[in-house]
Amino acid sequence: MPKTIKIRKGLNIPLLGSAERILHTAPSADVYAIKPPDFHGLTPKILLKEGDPVKAGTPLFYDKYNEKVLFTSPVSGTFQEVVRGEKRRIMEVLIKPDGKEDFVDFGAAGVAGLSREEIIERLLQSGAWPFFRQRPYAVMANPADKPKAIFVSAFSSAPLAPDFDFLVNGQETLFQTGLDIIAKLTDGDLHLSVDARNTRSNAFLQAKGVKLHYFEGPHPAGNIGIQIHHIAPLNKGEVVWYLDIQDIVIIGRLFEKGFFDPTKIVALTGSEVLNPLYYKIKIGAQILSFAGNNLRRDNGVKCRLISGDALTGTKVEEKGYLGFYDNQVTVIPEGNAQEFMGWLIPNPNRFSMSRTWPSFLMPWKKYRHDTNVRSGERPFVMTGLYEKVLPMDVLPMQLLKAIMINDIDKMEQLGIYEVAPEDFALCEYVCPSKIEMQSVIRDGLDVIRKEFA
Amino acid sequence: MKALIEFVEKKIQPNFEKGGKFQKFHRSFEAFQTFLYVKGDVTRKGSHIRDAIDMKRTMFHVVIALVPALLFGMWNVGLQHYRAIGLEVTFFDQFLFGLIKVLPLVVVSYVVGLAVEFVFAEIRNHEVNEGFLVSGMLIPLIIPVTTPLWMVALATIFAVIIGKEVFGGTGMNILNPALLARAFLFFAYPAYLSGEVWIETSLREGQQLVDGFSGATPLAMLAAYETEQLPSIIEMFLGTIPGSVGETSTLAILIGAVILIATGVGSFRIMASVVLGGLFMGGILNIFAVNEFMATPAYYHLVIGGFAFGAVFMATDPVTASQTPTGKYIYGALIGVVTVLIRVVNPAYPEGMMLAILLMNVFAPLIDHYVVEANIKRRLKRLKRAPVKV
């Protein structure tokens, strides 16, 4: 076995409710939605009118600043509604499915004969392009770029993350086809990172045309940003792309069969789920349509529905939809109850990385973690804490402060190109001053992106 | 307890909210409210879950770590007093005497300091920070028990305003506020902070000091080259010697250090490197040994004066120490070195710890600057090695 990259810094937050390896095929949802806010910085332009019929693969809207990038319908049905938020910002584009499986036919095509341009063209037309994301900035990739390399992580270390071996199970050939396709998009390497301890699937271990890397260690070892940093750190001016493994399967399906079928598997996890398990659904499905009868609702506790994991996911409302990139739904209790002397009493049901709480005495325990913030926001006081959960040669506090004072030179020097909000999620989690670090990093990335746009 | 919380939220809180009778004091109310219970506020942005730790709990653990030194200090105040007047009394009487003398110092420090903090929180409209919970305990522990209360109050006001609030409050200050309070007293009222001030010797009728009573601290004895009078190393380690209230017992401070390191609140890097720095400099001076102080074994420095207290509770203040992991080693080691240097080479100020930490507080940002520069250089080097983009 080749060299394992050992990640020593980080933290696994022991939450209750990891998904059992059981797969349910969910019935079609009542409504599907593509949510433009899932694509950071996107200005969508709607292509259809309410009531227009759509097939799976029919363009719904496009990127105002890159008209070639289309966002297509995940199912066939009718274009139901555009939901707008503040300042008429488009929040959701709703599709009412008709139950038929009508696909736009893009024509089956082998991998061999296609050039890079043809592949990109097809990805753009079918609506599969948005699966490609890029670093720096952690945003949707630009089809005009030539990436230095493409990175894929074959595991996730996030709290209650799905087992990627299970997600790819039965889709091995499509996954390999997808890999073959995306390998053509870069002159550099296609890197695939696996978990040295737990990855068993041959889809990953025997994958062809990739550079395999073995990682070991606690969260955030599975974060693509951490992996890039340890494999080939990103320098100023460089661009790399990355995708999720299930999106590669969808791309494989697109080229093998000729249609855009965004069927994927999501894990329903969290302490407020009765039986945490996996569901086969389509992108954009209404979450309650498959999860509705599997949630703990009788105990009067208000729940938070999260599309994604508990650290980086998006809060969704009762009628909300699965995010475009998410392969996990987390349901945890809201922490809106007051707690008498809560900061003092050593409650054994609270988890903390620090040894000021008794949780360090019970390493085996899993927690029903709620969403209480615990305290108001304070200035930075504690030091040395954030470094413990950020396995990068980046000085987290100094970078955050550079962003807060809007010092672009310092941000660059301190490595803003290498980081994404998700890499700072654990720093934000452990912060006793309760500083919103993911937003700070996102603001910094936005400033830099604007500066060089 | 639910009823109490409900009473606070329904009956009291509205008075402090916008339009309420005491709207001006809503930050003060908030401070008491969040002390009483954790509010039901949930995460809005970013991570949906948050670590159970907060500043209150962090600071509370520092205060807990200070308790052994505080209790020992109280007892020692009594012990030294009754020794000075040559009276044999029970342990309880000794402690009681100390309690009566020390408690007012603690109360004045907290009341005055927190009052200033609350005023600034209201003026600046931010939440009251927990930082002073520690500073307020530190100040009485690093001054002589004989310090007049008005001086404690004055020094506390100076430390909080000039040391902290002018820089923007907790987290922004350059100098350790508690040490600044001590430095203020040291330079403004030197007569009250040096000489025979370490033992409470106010006499009641019929009492008198024992013959040959000196009241000098071991540090003062060493600075005067009176090594033959020095207490035994065991006495100095246990702390039954004259000195500032909380600094004498290395043992009690070590218990605090164990609490800080075990809970992860205090930086082990800094504590260890201060000790190593002190031993290193002491060792070098031992080699030259041109006078009795220089010839004193290096490890004596660890148990006399404020070395241990400074290393464990003062140097480790996360705000004023170096903030980078590498920087902490350099910062700590330099504190150790400079402390011993000031003590031995410059006997005008026998207590080197205070000045060494304040000096290194000032230099901490510079140390960090170079550590950060090194990180930046590594990144630039990588960029140069990267293949040229066509």
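What you see is a predicted model; the values in this text were computed from it and never measured. Chain letters run A, B, ... following the sequence lines, proteins first and then strands; every chain starts at 1.
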Quiz prompt | Test side-chain contact (heavy atoms from CB on, under 4.5 Å) applied to B/Thr324 and A/Gln398, step by step | solution = CA-CA 9 Å; B/Thr324 52; A/Gln398 282 70 20; 3.6 Å; yes
Quiz item: Which of the residues A/Glu334, A/Met382, A/Glu422, A/Glu377 is involved in the greatest number of heavy-atom pairs with chain B at under 4.5 angstrom?
Solution: A/Met382
Exercise. May I ask you to check whether over 12 heavy atoms, not counting those of B/Phe16, lie within 6.0 Å of atom CZ?
Key: yes
Quiz item: Is chain B contacted by the side chain of A/Ile306, its backbone, both, or neither, given a heavy-atom distance below 4.5 Å?
Solution: side chain
Quiz item: Checking heavy atoms, do the side chain of A/Ile332, its backbone, both or neither come under 4.5 Å from chain B?
Solution: side chain
Quiz item: So what's closer than 4.5 Å to chain B heavy atoms on A/Lys401: side chain, backbone, both or neither?
Solution: side chain
Self-check item: Pairwise side-chain contact, A/Pro379 with B/Asn129, heavy-atom cut-off 4.5 Å (strictly under)
Solution: yes
Quiz item: Quick one: are B/Thr58 and A/Val381 in side-chain contact, heavy atoms under 4.5 Å?
Solution: no
Quiz item: For A/Lys410, is it the side chain, the backbone, both or neither that has a heavy atom under 4.5 Å from a heavy atom of chain B?
Solution: side chain
Quiz item: Tell me, side chain or backbone of A/Ser439 under 4.5 Å from chain B's heavy atoms, or both, or neither?
Solution: side chain
Quiz item: Is there side-chain contact between A/Met353 and B/Ile53, with heavy atoms separated by less than 4.5 Å?
Solution: no
Quiz item: Heavy-atom distance under 4.5 Å to chain B: side chain of A/Met397, backbone, both or neither?
Solution: side chain
Exercise. Provide the closest heavy-atom pair for A/Arg350 versus B/Ala52 in the form atom of the first, atom of the second, distance.
Key: CB-CB, 3.8 Å
Quiz item: According to the interplanar angle, ranging from 0 to 90°, do the rings of A/Trp343 and B/Phe60 count as parallel (below 30°), tilted (30 to 60°) or perpendicular (above 60°)?
Solution: perpendicular
Self-check item: pair B/Ile376-A/Leu414: side-chain heavy atoms closer than 4.5 Å
Solution: yes
Exercise. Against chain B, work out which of A/Ser433, A/Pro159, A/Ala425, A/Gly415 has the most heavy-atom pairs shorter than 4.5 Å and name it.
Key: A/Gly415
Exercise. Name the region of A/Ser359, side chain, backbone, both or neither, that has any atom closer than 4.5 Å to a heavy atom of chain B.
Key: neither
Quiz item: Is it true that the side chains of A/Ser352 and B/Arg57 contain a donor and an acceptor less than 3.5 Å apart?
Solution: no
Quiz item: Is it the backbone or the side chain of B/Ile261 that comes under 4.5 Å from a heavy atom of chain A, or both, or neither?
Solution: backbone
Exercise. With a 4.5 angstrom heavy-atom cut-off, could you sort out which part of A/Asp309 is near chain B: side chain, backbone, both or neither?
Key: backbone
Quiz item: If you count heavy-atom pairs under 4.5 Å with chain A, which of B/Glu30, B/Arg44, B/Lys45 comes out on top?
Solution: B/Lys45
Quiz item: What's the verdict on side-chain contact (heavy atoms from CB on, under 4.5 Å) for A/Arg378 and B/Thr170, showing C-alpha distance, side-chain angles and the deciding distance?
Solution: CA-CA 9 Å; A/Arg378 299 280 184 273; B/Thr170 304; over 6 Å; no
Self-check item: Enclosure of B/Tyr110 OH (heavy-atom neighbours >12, cutoff 6.0 Å)
Solution: yes
Practice problem: Sort out for me which of A/Lys315, A/Gln438, A/Glu339, A/Lys148 touches chain B most, counting heavy-atom pairs under 4.5 Å. | Solution: A/Glu339
Self-check item: Over 12 foreign heavy atoms within 6.0 Å of CZ, A/Phe452
Solution: yes
Exercise. Please round to the nearest 0.5 Å and tell me the distance separating atom CG of B/Asp41 and atom OG1 of A/Thr371.
Key: 10.0 Å
Practice problem: Calculate, to the nearest 0.5 Å, the distance between atoms CD and CD1 belonging to A/Glu428 and B/Ile49 respectively. | Solution: 10.5 Å
Quiz item: If you count heavy-atom pairs under 4.5 Å between each of B/Glu127, B/Lys56, B/Arg50 and chain A, which one has the most?
Solution: B/Arg50
Practice problem: Check whether any side-chain heavy atom of A/Val394 lies under 4.5 Å from a side-chain heavy atom of B/Arg379, and answer yes or no. | Solution: yes
Quiz prompt | Which of A/Leu11, A/Thr314, A/Thr383, A/Leu426 touches chain B most, by non-hydrogen pairs under 4.5 Å | solution = A/Thr383
Self-check item: Proximity breakdown for A/Glu412 and chain B, heavy-atom pairs closer than 4.5 Å
Solution: backbone
Quiz item: Which value, rounded to the nearest 0.5 Å, describes the distance between A/Asn372 atom CG and B/Asp54 atom CG?
Solution: 10.0 Å
Quiz item: Looking at A/Val430, A/Leu311, A/Leu15, which one has more heavy-atom pairs under 4.5 Å with chain B than the rest?
Solution: A/Leu311
Self-check item: Which portion of A/Leu234 sits near chain B, non-hydrogen atoms under 4.5 angstrom
Solution: backbone
Quiz item: With a 4.5 angstrom heavy-atom cut-off, which part of B/Val128 approaches chain A: side chain, backbone, both or neither?
Solution: backbone
Exercise. Select, from A/Phe351, A/Trp357, A/Phe380, the one with the greatest count of heavy-atom pairs under 4.5 Å involving chain B.
Key: A/Trp357
Practice problem: For atom CZ of B/Phe25, decide whether the heavy atoms of other residues, nucleotides or ligands shown that lie under 6.0 angstrom number more than 12. | Solution: no
Quiz item: Within a reach of under 6.0 Å around CZ of B/Phe268, are more than 12 heavy atoms found that belong to other residues, nucleotides or ligands?
Solution: no
Quiz item: A/Pro233 versus chain B, heavy atoms under 4.5 Å apart: side chain, backbone, both or neither?
Solution: both
Practice problem: Just give me the residue among B/His48, B/Met55, B/Lys2 that pairs up with chain A most often, heavy atom to heavy atom, under 4.5 Å. | Solution: B/His48
Quiz item: Among B/Ala262, B/Ser322, B/Gly168, B/Gly131, which residue forms the greatest number of heavy-atom pairs with chain A at distances under 4.5 Å?
Solution: B/Ala262
Quiz item: Quick one: what part of A/Glu436 sits under 4.5 Å from any heavy atom of chain B, side chain, backbone, both or neither?
Solution: side chain
Quiz prompt | Engaged part of A/Phe340 at the chain B interface, taking heavy atoms whose separation is under 4.5 Å | solution = both
Quiz item: Do the side chain of B/Arg269 and the main chain of A/Gly384 share a donor and acceptor less than 3.5 angstrom apart?
Solution: no
Quiz item: Taking A/Asp393 as the fixed residue, which of B/Arg378, B/Lys381, B/Arg382 is the one that meets the salt bridge (charged side-chain N to carboxylate O under 4.0 Å, His left out) rule?
Solution: B/Arg378
Practice problem: Heavy-atom pairs under 4.5 Å with chain A are the metric here; pick the option from B/Lys328, B/Gln323, B/Met172 that has the most. | Solution: B/Gln323
Quiz item: Which value, rounded to the nearest 0.5 Å, describes the distance between B/Leu380 atom CG and A/Lys236 atom NZ?
Solution: 10.0 Å
Quiz prompt | Distance (rounded to the nearest 0.5 Å) between A/Leu385 CG and B/Ser267 OG | solution = 11.5 Å
Quiz item: For chain A, which of B/Thr34, B/Leu36, B/Asp368 has the most heavy-atom pairs under 4.5 Å?
Solution: B/Leu36
Quiz prompt | Atom group of A/Ala337 that falls short of 4.5 Å from chain B, counting heavy atoms | solution = backbone
Quiz item: How close do A/Arg374 and B/Asp51 get, heavy atom to heavy atom, and via which atoms?
Solution: CG-O, 3.6 Å
